[in-house]
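Following: one structure in structure tokens, then a few remarks.
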Amino acid sequence: MADKFYITTPLYYVNASPHIGHSYTNIAADSLARHMRKNIGGGNVWFLTGTDEHGQKIQKAADEKKLTPQEFADRTVSQFKLLWKELNISYDDFIRTSEERHVKTVQKVLEILYEKNDIYQDKYEGWYCTPCETFWVESQVADQLCPDCKRKLEKISEINYFFKLSKYQDWLIKYIQVHPEFVRPQNRYNEVLSFLTSNKLNDLCISRPKERLSWGIPLPFSSGHVCYVWFDALINYISAVGYFDEKNHYISEWWPADLHLIGKDILRQHAVYWPIMLAALGIDLPKTIFAHGWWLIGENKMSKSRGNVVNPIDMVNQFGIDTYRYFLLRDVPFGLDGNFSEEAIIKRFNSDLANDLGNLVYRTLTMVEKYYQGAVPQQGKLDEAGKKIGEIIKALPAEAAASMKELGFSLALEKIWDLISLANKYIEQKKPWNLAKENKVDELKAFIRLLVDVIAAVAGEIAPFMPDTAASIKAQLGEKEIRKGKPLFPRIDNLRTDS
RNA sequence: CGCGGGGUGGAGCAGUCUGGUAGCUCGACAGGCUCAUAACCUGUAGGUCACGCGUUCAAAUCGCGUCCCCGCAACCA
């Protein structure tokens with residue numbers, strides 16, 4: 001039974017400011033966390049996010065700004081925290097890989113695996129790509145260029161430590177085969193499985209010599225090395241919510257994670273390295289790793305070099321928090337890539353938020369004011385169409401929950417909007433202004449009350465996605481008397497094309 | 001023989017696995033209504049489902065082939 005829900009986002013690398021992609025992951029995670037809190041109780045949900053702060057790139061970036069790596073990281077961390085506040089991200093914990101609790105756990109993990117001989121020392125001779133921080137074996141390299149980035153590789157020879165990924169490859173394949181829910185969506189699952197079955201895993205080099213990199217977690221068994229960032233970073237998921245006891249058993253009230261939410265670019269680390277690390281430690285695996293898609297800017301990939309990176313704060317300032325959250329979760333099915341543009345946001349804003357939702361709330365409350373001086377009437381006898389809407393209201397939470405279970409944010413919102421649209425149609429059908437003229441008192445009362453019930457239900461269901469809007473609607477509905485406010489989403493006038 | 005995604009009314013997409021009236025949102029046009037944010041409701045137009053061949057009683061959907069588009073340096077969700 002789902003009596004607890006532990007959800008994580010990736011730890012964001014602090015070498016640059018947050019962008020739309022970071023915000024996408026956290027908004028999705030936040031909506032899910034809020035949804036689950038509603039369903040299983042706030043105390044049963046744990047939502048973790050944080051930052052990944054070690055490694056060469058951070059050290060380099062810090063050097064350029066004449067800061068220590070820690071000072072540099074602190075600056076970016078405050079940007080992330082500010083953004084999460086702006087976006088109403090309700091995380092329960094924020095972990096930084098530079099924190100003591102994390103460092104200690106990583107070192108413990110290293111010790112355990114070293115004692116177990118799953119980490120071994122070897123002389124590494126081969127090719128190293130400094131910008132990528134990646135090792136390559138002879139067979140992968142052509143023309144002394146990095147297979148990934150095509151830049152020149154360095155030939156190096158040094159003592160390093162390796163984690164025995166290869167030992168667990170067959171085990172992992174079997175595990176994934178019998179756990180179809182381990183990686184989602186389906187295409188990513190297929191991708192991982194085919195990668196595992198068609199390649200032989202190399203052991204993972206998990207150390208970096210200190211002379212090359214000092215900004216990292218020191219290996220407990222070698223004073224000359226620090227830990228490779230990915231190996232360090234993944235451990236956050238357990239270092240944040242538990243500890244190892246004297247017998248090296250991992251103790252946690254939250255682990256295993258129910259969901260690791262990630263972007264599609266970091267699937268391999270999460271679906272291959274991480275489960276093997278856990279298996280080697282004798283720790284349960286997370287239930288599901290879900291890799292979502294990317295936002296393309298117009299038709300292009302977002303990239304710093306193209307200079308088309310979208311700043312989430314700008315979007316929030318321009319369109320509002322809830323509009324931004326709604327757009328990201330509604331416009332594209334979770335898992336697929338999407339096209340981001342201001343035009344697309346405006347379109348969604350005007351049609352879904354202003355015309356459908358905002359207008360329904362506004363027109364309904366106006367009728368409550370006009371016909372009942374602001375007092376919401378009692379429920380009454382409904383016609384067939386009205387009864388049907390009543391049933392849909394009752395069924396909506398379960399409908400939305402079913403979609404959310406599959407991380408179908410877009411679908412869940414569609415279902416909510418189906419009700420909104422139905423209500424708008426029903427108004428047209430009942431013509432309340434005629435009921436009022438014809439003095440059909442009971443029918444009008446029951447009708448208006450149904451509309452209010454629709455709005456209340458909608459407010460309840462959109463709360464995980466648009467917390468402020470939901471709160472505003474609830475406030476406007478009031479206790480006994482409504483307190484109508486200004487339109488929730490005043491239309492954005494397209495004619496205004498100033499610069 | 002590189003890998004992957006895709007080509008469905010003006011735009012964006014669903015449908016393809018499990019063949020059988022081609023659906024949704026936006027846009028356009030017309031009408032209705034007035035409680036409402038020029039909103040809402042109804043209706044209309046618009047598609048040889050990239051192309052060819054094949055399987056089948058029947059193909060957007062299955063098979064084979066062809067063409068075209070996008071991504072595949074780093075940063076990074």
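Per chain, numbering begins at 1; letters A, B, ... match sequence-line order. These figures come from a predicted structure and were not determined experimentally.
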Query - A:Y324 side chain near A:I20 side chain, heavy-atom distance below 4.5 Å - result: yes
Requested in this report: Can you tell me, in whole Å, how much space there is between the C1' of B:A11 and that of B:G47?
Outcome: 14 Å
Query raised in the report: When you check the phosphate oxygens OP1 and OP2 of B:U34, does a side-chain N or O of A:K431 lie under 4.0 Å from one of them?
Result: no
Query raised in the report: Should B:U42 form a Watson-Crick or G-U wobble pair with both distances under 3.5 Å, which nucleotide is its partner?
Result: B:A30
Report summary line: The nucleotide from B:C76, B:U37, B:C26 with an atom nearest the side chain of A:K347 is B:C26
Requested in this report: Go through B:U34, B:C13, B:C76 for me and flag the one nearest to the A:K437 side chain.
Outcome: B:U34
Query - C1' spacing across the pair B:C49 / B:G6, given as an integer number of angstrom - result: 14 Å
Requested in this report: May I ask you to verify if any side-chain N or O of A:N355 is less than 4.0 angstrom from the OP1 or OP2 atom of B:C40?
Outcome: yes
Query raised in the report: How would you label the contact of A:Y12 with the nucleic acid (heavy atoms, under 4.0 Å): base, sugar-phosphate, or nothing?
Result: sugar-phosphate
Query raised in the report: Pick one: which of A:H22, A:H19, A:E53 meets side chain to side chain contact (heavy atoms under 4.5 Å, CB included) with A:Y12?
Result: A:H22
Requested in this report: With the side chain counted from C-beta on, respond yes when A:H54 and A:I58 share a heavy-atom pair under 4.5 Å apart, and no when they do not.
Outcome: no
Requested in this report: State whether A:W433 places a side-chain N or O below 4.0 Å from either non-bridging phosphate oxygen (OP1 or OP2) of B:U34.
Outcome: yes
Query - Phosphate contact (B:C76 OP1 or OP2) by A:N15 side-chain N/O below 4.0 Å - result: yes
Query raised in the report: When we call it a touch if two heavy atoms are under 4.0 Å apart, what does A:P490 touch: a base, just sugar-phosphate, or nothing?
Result: base
Report task. Would you indicate what A:I266 reaches in the nucleic acid, counting non-hydrogen atoms under 4.0 angstrom: base, sugar-phosphate, or nothing? Result -> sugar-phosphate
Report task. Find the distance A:H260:NE2 to B:A77:P and express it as a whole number of Å. Result -> 15 Å
Report task. Go ahead and name the base partner of B:G12; Watson-Crick or wobble counts if both distances stay under 3.5 Å, otherwise write none. Result -> B:C24
Query raised in the report: Between A:Y13 and B:C76, is there a side-chain N or O to OP1/OP2 distance below 4.0 Å?
Result: no
Query raised in the report: Counting side-chain heavy atoms from C-beta on, which of B:C35, B:A14, B:C75 comes nearest to A:K57?
Result: B:C75
Query raised in the report: For A:G263, which contact category applies under a 4.0 Å heavy-atom criterion: base, sugar-phosphate, or nothing?
Result: sugar-phosphate
Report task. Sticking with atom C1', work out how far B:A60 lies from B:U48, rounded to a whole angstrom. Result -> 12 Å
Report summary line: Checking B:C40, B:U42, B:C26 against the side chain of A:K425 (C-beta onward), the nearest is B:U42
**Report entry** A:H22 side chain near B:A77 phosphate (N/O to OP1/OP2, under 4.0 Å)
**Finding:** yes
Requested in this report: Using a strict cut-off of less than 4.0 Å between a Lys/Arg side-chain nitrogen and an Asp/Glu carboxylate oxygen, indicate whether A:E428 and A:K425 qualify as a salt bridge.
Outcome: no
Query raised in the report: Toward the 5' end of RNA chain B, which comes first, A:G21 or A:R348, by nearest nucleotide?
Result: A:R348
Requested in this report: Can you figure out which of B:C40, B:A77, B:C35 approaches the side chain of A:N424 most closely?
Outcome: B:C40
Query raised in the report: Taking the side chain of A:E428 as its heavy atoms from C-beta onward, which of B:C75, B:C41, B:U34 lies nearest to it?
Result: B:C41
Query - Separation between the C1' atoms of B:C67 and B:A22, rounded to whole Å - result: 24 Å
Query raised in the report: When A:L329 is tested against each of A:S410, A:S31, A:P464 for side chain to side chain contact (heavy atoms under 4.5 Å, CB included), which residue passes?
Result: A:S31
Query - Same-atom distance (C1') from B:G71 to B:G63, integer angstrom - result: 28 Å
Report task. Scan A:N359 against the nucleic acid and name what it touches under 4.0 Å (heavy atoms): base, sugar-phosphate only, or nothing. Result -> base
Query raised in the report: Should the pair A:F447 and A:Y426 be assigned to parallel (<30°), tilted (30 to 60°) or perpendicular (>60°) ring geometry?
Result: tilted
Query raised in the report: Can you say whether the rings of A:H292 and A:F334 are parallel (under 30°), tilted (30 to 60°) or perpendicular (over 60°)?
Result: tilted
Query raised in the report: So A:F327 and A:F340, ring pair (Phe, Tyr, Trp, His ring centres under 6.0 Å) or not? Walk me through it.
Result: CA-CA 9 Å; A:F327 174 79; A:F340 187 93; 5.7 Å; yes
Query - Partner nucleotide of B:C53 by Watson-Crick or wobble geometry (both distances under 3.5 Å) - result: B:G63
Query raised in the report: Base, sugar-phosphate alone, or nothing: which one does A:I262 contact when heavy atoms must sit under 4.0 Å apart?
Result: sugar-phosphate
Query raised in the report: So do A:Y237 and A:P286 actually touch side chain to side chain, heavy atoms under 4.5 Å?
Result: no
Query raised in the report: Taking for each residue the nucleotide of RNA chain B bearing the nearest heavy atom, is the 5' side occupied by A:G358 or by A:P333?
Result: A:P333
Report summary line: In whole angstroms, the gap separating C1' of B:A36 from CZ of A:F489 amounts to 16 Å
Report summary line: For B:C3, the nucleotide meeting Watson-Crick or G-U wobble distances (both under 3.5 Å) is B:G71
Query raised in the report: Rounded to whole angstroms, how far apart are CG on A:L336 and C1' on B:G71?
Result: 15 Å
Report task. Starting at atom CG of A:D352, determine the distance to atom P of B:G27, rounded to an integer number of angstrom. Result -> 10 Å
Query - Separation of B:C69 P from A:D337 CG (nearest whole Å) - result: 20 Å
**Report entry** For atom CD of A:E343 and atom P of B:G10, their distance in whole Å
**Finding:** 21 Å
Query raised in the report: Taking CZ from A:F195 and C1' from B:C3, how many angstroms apart are they, rounded to a whole number?
Result: 14 Å
**Report entry** Interatomic distance where CG belongs to A:D356 and C1' belongs to B:A38 [whole Å]
**Finding:** 16 Å
**Report entry** Side-chain N or O of A:R491 closer than 4.0 Å to phosphate OP1/OP2 of B:A38
**Finding:** no
Query raised in the report: Say you pick atom P in B:G27 and the same atom in B:A38; how far apart are they, in whole Å?
Result: 15 Å
Report task. With P as the reference atom in both, quote the distance from B:G15 to B:A30 in angstrom, rounded to an integer. Result -> 34 Å
Report task. Identify whether any heavy atom of A:D331 sits under 4.0 Å from a base atom; if not, whether one sits that close to sugar-phosphate; answer base, sugar-phosphate or nothing. Result -> nothing
Report task. Any strand is fair game: report the nucleotide pairing with B:A77 by Watson-Crick or G-U wobble, both distances under 3.5 Å, or none. Result -> none
Query - Span that lies between the C1' atom of B:C40 and that of B:U34, in whole angstrom - result: 9 Å
